[in-house]
Amino acid sequence: MKNILVTGGCGFIGTVFVRYVLQDTDFSGRVINVDNLTYAGNPENLTDIESAFGERYEFMKADIGDSSAIESIFQRYNIDAVCHFAAESHVDRSIVAPDAFIQTNICGTFNLLEIARRYSDRLILFHHVSTDEVYGSLDSGGFFTEDSAYRPNSPYSASKAAADHLVRSYWKTYGLPVTISNCSNNYGPFQFPEKLIPLMILNALDDKPLPVYGEGQNVRDWLYVDDHCRAIWEIMKAGTRGATYNIGGRCELANIDTVNRICDLLDDIQPRSDRSSRRDLITFVRDRPGHDLRYAIDCRKIEMELGWSPRESFETGLEKTIRWYLDHPQWVKRVQSGEYLKWVEEQYK
Ligand code: NAD
Ligand code: DAU
């Protein structure tokens with residue numbers, strides 16, 4: 001791989017992936033990051049990378065659904081590998097306004113695949129980053145394996161499932177060299193504060209209510225974002241073409257336990273002035289419609305085939321995450337106030 005097209009590189013996981021590939025691997029080629037900068041895309045996440053890596057890092061503002069923009073990027077940069085993150089990613093938003101999810105996650109992926117097919121003579125790999133939510137919901141027993149049936153329950157997961165099927169079909173029908181990864185819930189630096197963990201950290205710091213859906217008994221399998229990015233890179237280097245790999249943290253927690261841990265850690269690191277527990281801020285609110293009860297990943301395939309396993313424990317990962325948000329008040333302020341969106345408008349008008 002010499003010229004990797006990363007889509008959605010200004011979002012949470014894409015940012016960490018771009019940083020990882022350029023800073024922490026022996027990759028010596030170029031990363032071309034294509035992102036259309038929705039509310040979730042923040043190019044400021046990578047300004048230091050832009051200065052440090054010069055021509056080895058390029059950013060292009062473009063929609064993955066725009067055929068001519070994407071085709072000209074394939075031509076201009078001689079793209080030989082794709083790592084496809086770009087998506088609408090938040091389940092609650094998909095319930096309120098599903099349109100963008102269909103457009104980006106399904107039609108955008110289709111457009112990328114079509115262009116990749118046109119350039120398949122030089123394409124080594126199209127890696128599609130997907131989610132465990134395509135498998136639906138588990139009750140208290142069992143795990144999702146690569147052979148679990150697809151049973152998506154939200155417009156978000158249905159759109160990701162459709163994209164997975166398209167990617168797989170391009171392997172079967174056209175022989176496009178693809179891999180797919182289905183990962184559990186990520187957390188870590190740069191995550192947009194609409195998702196559970198950063199929302200709870202920032203609300204708790206501001207003494208705002210911590211809204212827990214339903215009774216807080218839904219279970220998620222948490223994975224530190226660095227571990228996810230390392231898994232994707234292993235798949236890109238050595239994964240079997242046409243294969244799917246499940247990635248998970250072996251770290252199941254009920255939401256209420258996750259939120260309690262955040263409160264307790266914050267109380268240790270930065271106690272409130274009256275020393276009271278931030279657990280007081282927890283408020284049980286109306287449940288998410290169609291709320292999946294439990295996700296849990298069986299990741300033995302990637303462990304056995306590619307030698308990957310999660311390195312970060314939830315205790316250390318959560319502490320690192322909390323400290324990152326505490327150490328980056330400027331990032332938090334610009335994201336919460338929407339200042340970064342104004343900057344984007346100025347830069348790209
Ligand atoms: P995110 O919402 O933080 O980032 C998405 C990025 O995609 C943003 O930078 C956004 O601007 C960009 N984007 C959106 N629509 C676009 C379009 N039409 N054209 C170009 N760029 C566009 O998402 P994330 O949490 O970083 O997730 C990245 C990928 O990983 C997604 O495909 C998601 O489904 C998958 N995933 C996420 C998790 C998780 O826990 N966050 C877990 C498993 C899989
Ligand atoms: O499993 C992988 C998926 O994880 C990814 O594909 C998605 O892109 C990502 O957003 C995430 O989906 P979830 O819906 O699991 O994540 P979220 O952070 O929105 O919610 C985590 C759990 O916390 C879920 O059970 C809903 C609950 N929740 C969430 C929010 C935002 C609350 O109780 N209160 C909240 O305010």
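For ligands, and for the atoms within them, numbers begin at 1 and follow the listed sequence. For clarity, every value in this text was computed on a predicted model and none was experimentally measured.
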Under 3.5 Å: N/O of Glu88 near N/O of ligand 1: no

Mode of Asp132 contact toward ligand 1 - side chain, backbone, both, neither (heavy atoms, under 4.0 Å): neither

Nitrogen or oxygen of Trp222 less than 3.5 angstrom from that of ligand 2: no

Ligand 2 N/O within reach of Asn185 N/O, cut-off under 3.5 Å: yes

Within reach of ligand 2, part of Ala87 (heavy-atom separation under 4.0 Å): neither

Top protein contact for atom 40 (O) of ligand 1, by heavy-atom distance: Asn186 N, 2.9 Å

Closest protein heavy atom to atom 9 (O) of ligand 1, given as residue, atom name and distance to 0.1 Å: Asp35 OD2, 2.5 Å

Which residue and heavy atom of the protein sit nearest atom 29 (C) of ligand 1, plus the separation: Phe85 O, 3.2 Å

Ligand 1 contact by Tyr187, heavy-atom criterion under 4.0 angstrom: no

Geometric class of the Tyr170/Phe110 ring pair [parallel <30°, tilted 30-60°, perpendicular >60°]: perpendicular

Ligand 2 N/O within reach of Arg220 N/O, cut-off under 3.5 Å: yes

Ligand 2 contact by Lys160, heavy-atom criterion under 4.0 angstrom: no

Near-ring test Phe74/Tyr119, centroid separation under 6.0 angstrom: yes

Ligand-side contact atoms (ligand 1) for residue partner Gly41, heavy atom cut-off under 4.0 Å: 8 (C), 9 (O), 11 (O)

From Asn111, Asn36, Val225 - option closest to atom 20 (C) of ligand 1 by heavy atom: Asn36

Residue portion contacting ligand 1 (non-hydrogen atoms closer than 4.0 Å) for Lys160: side chain

Min N/O separation Met200 to ligand 2 under 3.5 Å: no

Location of contacts on Asn185 toward ligand 1, heavy atoms closer than 4.0 Å: backbone

Distance from atom 1 (P) of ligand 1 to nearest protein heavy atom, with residue and atom: Ser89 OG, 3.5 Å

Region of Trp222 that comes within reach of ligand 1 [heavy atoms, distance under 4.0 Å]: neither

Trp171 (side chain) donor-acceptor with Ala243 (main chain) under 3.5 angstrom: no

Any Ser157 heavy atom less than 4.0 Å from ligand 2: no

Atoms of ligand 1 close to Ser130 [distance to a heavy atom under 4.0 angstrom, numbered from 1]: 43 (C), 44 (C)

Residue Ser184 vicinity, atoms of ligand 1 by number, heavy atom under 4.0 Å: 42 (C), 43 (C)

Over-ring placement of Arg93 relative to Tyr39, 6.0 Å and 45° cut-offs: yes

Whether Asp298 side chain and Phe144 backbone form a donor-acceptor pair below 3.5 Å: no

Candidate list Thr109, Asn182, Thr244, test side chain to side chain donor-acceptor pair (under 3.5 Å), partner Asp164, passing option: Asn182

Contact with ligand 1 for Ala62, non-hydrogen, under 4.0 angstrom: yes

Check: Phe314 ring centre within less than 6.0 Å of Tyr187 ring centre: yes

Under 3.5 Å donor-acceptor, Arg151 side chain and Val134 backbone: no

